[in-house]
Amino acid sequence: MSTSKWVCGSLLGCNSFENLDDRRSMLDVTTVMVASEFGRTMRSPDGTVDETGTNHNQFSNSILLGGKGIRSGLVIGASDLRDEAEEPSAAHLQLDPLQEKTMGLPFDFASLTTRPDMPAAFDIKDYLTIGSVVNTIYALFGVPKEHYRVLRRELPTAQVLKGLLT
């Protein structure tokens, strides 16, 4: 069975993608999150990607989130160093002096957009983290706030991405 037919049949309860407008689907009652443990580096130290491959990157990752309670059609956040000419911020260099990793750009939680500034020092409160994604799902499911994730032990709770919720 093809993947698209499985998705259509399992999640949408149909045999084809035609006439879905008049049907309810499993996505009307299900929230789906697909994530990995970490992203990948641009290169390993001591060479190019072709020569060395890549390593784990804890500073940049992608997560797919959709279904019940989640606004559709959004891409939020972005990574820095989109090409070789782009200069890293001082905050980036603080965490990655060898410049082998990409990391997220500073984030505006109210507008769900990246900020254009180049911070002089890294402050986790300025960045979109997995804690905010998890806390957003917790908020959607009504989990009490005392269970929300903190940014780090000595820091406050990671912000909920309120604009992501319907």
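In this chain, numbering begins with 1 at the start of the sequence shown.
- Summarising the geometry of Ala78 relative to Thr114, their closest heavy-atom pair is N-CG2, 3.5 Å, with the distance given to 0.1 Å.
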Could you go through residues 130-138 and list every donor-acceptor pair under 3.5 Å that involves a side-chain atom there, pairing it with any protein atom two or more places apart or in another chain?
unit_1: Ser132; atom_1: OG; unit_2: Gln159; atom_2: N; d: 3.4
unit_1: Ser132; atom_1: OG; unit_2: Gln159; atom_2: O; d: 2.7
unit_1: Asn135; atom_1: OD1; unit_2: Arg149; atom_2: N; d: 2.7
unit_1: Asn135; atom_1: ND2; unit_2: Gly131; atom_2: O; d: 3.4
unit_1: Asn135; atom_1: ND2; unit_2: Arg149; atom_2: O; d: 2.9
unit_1: Asn135; atom_1: ND2; unit_2: Ala158; atom_2: O; d: 2.9
unit_1: Thr136; atom_1: OG1; unit_2: Ser132; atom_2: O; d: 2.7
unit_1: Thr136; atom_1: OG1; unit_2: Leu161; atom_2: N; d: 2.8

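- Considering only residues two or more places apart in sequence or on other chains, Ala91 meets the side chain to side chain contact (heavy atoms under 4.5 Å, CB included) condition with Ser89, Pro119, Phe122, Tyr127.
- Every residue two or more places apart in sequence or in another chain was checked for a salt bridge (Lys or Arg N to Asp or Glu O under 4.0 Å) with Glu146, and none qualifies.
- One hydrophobic cluster holds both Val143 and Val160 under the rule that ILVMFWY side chains link at heavy-atom gaps under 4.5 Å.
- To the nearest 0.5 Å, atom CG of residue Leu81 and atom CE of residue Met103 are 9.5 Å apart.
- Once rounded to the nearest 0.5 Å, the distance linking CZ of Phe109 with CG of Leu164 reads 12.0 Å.
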Throw together a table of side-chain donor-acceptor distances under 3.5 angstrom for residues 62-70, partners on residues two or more places apart or in other chains.
none

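- Each of Tyr148 and Leu155 belongs to its own hydrophobic cluster when Ile, Leu, Val, Met, Phe, Trp and Tyr are linked at side-chain heavy-atom distances under 4.5 angstrom.
- Summarising the hydrophobic clusters (Ile, Leu, Val, Met, Phe, Trp, Tyr; side-chain heavy atoms under 4.5 Å, direct or chained), the residues clustered with Leu105 are none.
- Other members of the cluster containing Met118 do not exist, because no ILVMFWY side chain is joined to it at under 4.5 Å.
- In the hydrophobic cluster analysis, where Ile, Leu, Val, Met, Phe, Trp and Tyr join through side-chain heavy atoms closer than 4.5 angstrom, Val32 is grouped apart from Leu140.
- Take Thr31 and apply the side-chain hydrogen bond (donor to acceptor under 3.5 Å, both in side chains) test, not counting sequence neighbours, and it matches no residue.
- Every residue two or more places apart in sequence or in another chain was checked for a salt bridge (Lys or Arg N to Asp or Glu O under 4.0 Å) with Arg71, and none qualifies.
- Residues passing the side chain to side chain contact (heavy atoms under 4.5 Å, CB included) test with Ser111, sequence neighbours excluded: Asp108, Thr113.
- Shortest non-hydrogen contact noted between Leu165 and Ala139 is CD1-CB, 4.3 Å.
- Screening residues 128-144 for salt bridge (charged side-chain N to carboxylate O under 4.0 Å, His left out) gives no qualifying pairs among residues at least two apart or on separate chains.
- Rounding to the nearest 0.5 angstrom, the gap separating the CG atom in Leu151 from the OG1 atom in Thr157 is 8.0 Å.
- Partners of Asp123 according to the side chain to side chain contact (heavy atoms under 4.5 Å, CB included) rule, which considers only residues two or more places apart in sequence or in another chain, are Lys125, Asp126.
- Taking Ile, Leu, Val, Met, Phe, Trp and Tyr as hydrophobic and joining them when side-chain heavy atoms fall under 4.5 Å apart, one finds Val29 isolated, its cluster having no other members.
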